[in-house]
Structures are given as C-alpha cells and as structure tokens.
**Q** 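Shown below is the structure under consideration.
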Amino acid sequence: MNKKEHKYLTFSLNNEDYGLDIFKVKEIIGMMDITPVPQTPEYFKGVINLRGKIIPIIDLRIRFGMKHKEYTEHTCIIVIELKGKTGSTQMGIIVD
C-alpha cells in the first residue's frame with residue numbers, strides 16, 4: 001500500500017489546537033478591513049477584496065460556538081480553497 005504523507009497547518013482557537021491540510025491553504029494574511037454583508041449569520045463577518053478577488057470571511061471561533069474574542073496582533077485570516085462539484089472557491093477563516 002502506498003501511503004500519502006500529510007502535512008498540516010496548525011492554529012489555535014480558545015487555547016485548543018486545530019489543523020488544516022496544507023494543500024487547502026492558499027495563504028495567511030493579517031487582519032484587514034472586512035466589508036460587512038447584511039442579513040448574514042453572526043459568524044459571517046463579511047468579505048474582503050484580496051488582489052481583485054472577493055473572499056468571504058468567517059470567524060471560526062464564533063462558528064464553533066465559542067465566545068467572541070477581540071482581535072489582536074496574533075489574529076489572522078487563513079485563506080483556504082474549497083473544492084466542490086461546481087469547481088473551487090476561496091474563503092477566509094479568522095483564527096486566534
């Protein structure tokens with residue numbers, strides 16, 4: 001059997017460690033201005049314009065049912081690529 005070696009990007013939320021397959025991660029950026037979108041769930045913070053691409057942003061802490069935490073210099077956005085039946089799309093997740 002041929003086993004694939006997996007590498008993960010790890011990040012923290014509420015002092016817990018999580019990981020993402022490194023091949024899904026497009027880039028890591030610092031916090032930037034997020035344009036809110038009306039009538040969306042609390043965890044959906046809005047969208048950013050990243051080099052001409054509109055990227056939806058969610059706060060993963062809120063999505064997982066954790067308390068909101070003020071953003072600090074350590075808070076960042078991980079831009080990931082999700083693949084589905086209709087193609088791929090990018091989204092950003094805010095992590096501690």
Side-chain angles (χ1 to χ4, degrees):
M1 255 180 130
N2 199 1
K3 290 186 179 182
K4 287 185 178 179
E5 194 174 313
H6 289 284
K7 294 186 181 187
Y8 298 92
L9 170 72
T10 59
F11 59 90
S12 295
L13 285 175
N14 201 29
N15 295 321
E16 293 182 33
D17 293 328
Y18 295 85
L20 284 170
D21 185 332
I22 197 74
F23 291 113
K24 293 186 187 304
V25 177
K26 297 307 282 178
E27 63 185 295
I28 301 167
I29 58 175
M31 288 301 294
M32 57 190 303
D33 289 335
I34 299 172
T35 303
V37 177
Q39 300 179 4
T40 57
E42 182 185 1
Y43 64 85
F44 185 82
K45 292 301 174 185
V47 295
I48 60 171
N49 183 334
L50 187 63
R51 291 183 295 283
K53 277 192 145 178
I54 303 303
I55 310 286
I57 304 294
I58 67 167
D59 189 320
L60 206 54
R61 175 185 273 273
I62 297 171
R63 181 68 177 116
F64 286 176
M66 301 173 187
K67 288 183 186 177
H68 173 73
K69 178 181 172 184
E70 291 300 315
Y71 302 143
T72 69
E73 68 275 359
H74 298 291
T75 306
C76 64
I77 299 171
I78 301 173
V79 179
I80 58 175
E81 186 166 19
L82 303 172
K83 294 182 181 170
K85 292 179 182 178
T86 58
S88 64
T89 188
Q90 290 184 359
M91 71 178 296
I93 55 175
I94 300 172
V95 299
D96 296 349

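Both backbone and side-chain heavy atoms feed into the values below; hydrogens, waters and symmetry mates do not. Worth saying up front: this structure is predicted, and the values here are computed from it rather than measured. Throughout, numbering of the chain's residues begins at 1 and tracks the sequence.
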**Q** Under the side chain to side chain contact (heavy atoms under 4.5 Å, CB included) criterion, do Ile62 and Lys45 qualify, and how do the steps go?
**A** CA-CA 10 Å; Ile62 297 171; Lys45 292 301 174 185; 3.7 Å; yes
**Q** How long is the gap from NE2 on His68 to CD on Glu42, to the nearest 0.5 Å?
**A** 9.0 Å
**Q** With sequence neighbours excluded, give me every ring-ring contact (aromatic ring centres under 6.0 Å, His included) pair touching residues 77-96.
**A** none
**Q** Establish whether Ile54 and Ile80 are linked, either directly or via other cluster members, by ILVMFWY side-chain heavy-atom contacts under 4.5 Å.
**A** yes
**Q** Evaluate the side-chain proximity of Leu60 to Ile78: yes if any heavy-atom separation is below 4.5 Å, no if none is.
**A**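 No, side chains not in contact.
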**Q** Would you say Asp33 has more than 12 foreign heavy atoms packed within less than 6.0 Å of its CG?
**A**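 No.
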**Q** Which residues satisfy the side chain to side chain donor-acceptor pair (under 3.5 Å) test with Gln90, sequence neighbours excluded?
**A** none
**Q** Which residue pairs pass the salt bridge (charged side-chain N to carboxylate O under 4.0 Å, His left out) test when at least one of the two sits in residues 70-96, sequence neighbours left out?
**A**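 For residues 70-96: Lys26-Glu81, Arg61-Asp96.
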**Q** Find the distance between CD1 (Ile34) and CG (Asn49) and round it off to the nearest 0.5 Å.
**A** 13.0 Å
**Q** Sequence neighbours left out, what passes ring pair (Phe, Tyr, Trp, His ring centres under 6.0 Å) with Tyr8? Give chain and number order.
**A** none
**Q** Examine Phe23 and Leu9 and state if one hydrophobic cluster contains both, with Ile, Leu, Val, Met, Phe, Trp and Tyr joined whenever side-chain heavy atoms are less than 4.5 Å apart.
**A** yes
**Q** With rounding to the nearest 0.5 angstrom, report the OG to NZ distance, Ser88 to Lys24.
**A**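 Nearest 0.5 Å value for the OG-NZ distance: 11.0 Å.
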**Q** Who pairs with Asp17 by side chain to side chain donor-acceptor pair (under 3.5 Å), at least two apart in sequence or on another chain?
**A** Ser12
**Q** Is there a side-chain contact between Tyr18 and Leu20 in this structure, where contact means two heavy atoms from C-beta onward sitting under 4.5 Å apart?
**A**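 Not in contact.
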**Q** Spell out, yes or no, whether Tyr43 and Met32 are grouped together once hydrophobic residues are joined by side-chain heavy atoms under 4.5 Å, including indirect joins.
**A**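 No, it is not one cluster - the side chains of Tyr43 and Met32 are not joined through contacts under 4.5 Å.
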**Q** If the condition is side-chain contact (heavy atoms from CB on, under 4.5 Å), which residues does Thr75 pass it with, not counting sequence neighbours?
**A** Met31, Tyr71, Thr72, Ile94
**Q** So if you build clusters from Ile, Leu, Val, Met, Phe, Trp, Tyr with side-chain heavy-atom gaps below 4.5 Å, do Val95 and Ile28 land together?
**A** yes
**Q** Please find the pair of heavy atoms, one from Phe44 and one from Pro56, that lie closest to each other, and give the distance.
**A** CE1-CB, 3.6 Å
**Q** Show your working on side chain to side chain contact (heavy atoms under 4.5 Å, CB included) between Arg63 and Ile93 and close with a plain yes or no.
**A** CA-CA 10 Å; Arg63 181 68 177 116; Ile93 55 175; over 6 Å; no
**Q** Going hydrophobic residue to hydrophobic residue with side-chain gaps under 4.5 angstrom, can you get from Phe64 over to Ile58?
**A**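 Yes, because Phe64 and Ile58 connect within a single hydrophobic cluster, where side-chain heavy atoms sit under 4.5 Å apart.
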**Q** Show, in sequence, the C-alpha distance, side-chain angles and deciding distance for Ile55 and Ile77, and conclude whether the side chain to side chain contact (heavy atoms under 4.5 Å, CB included) test is met.
**A** CA-CA 11 Å; Ile55 310 286; Ile77 299 171; over 6 Å; no
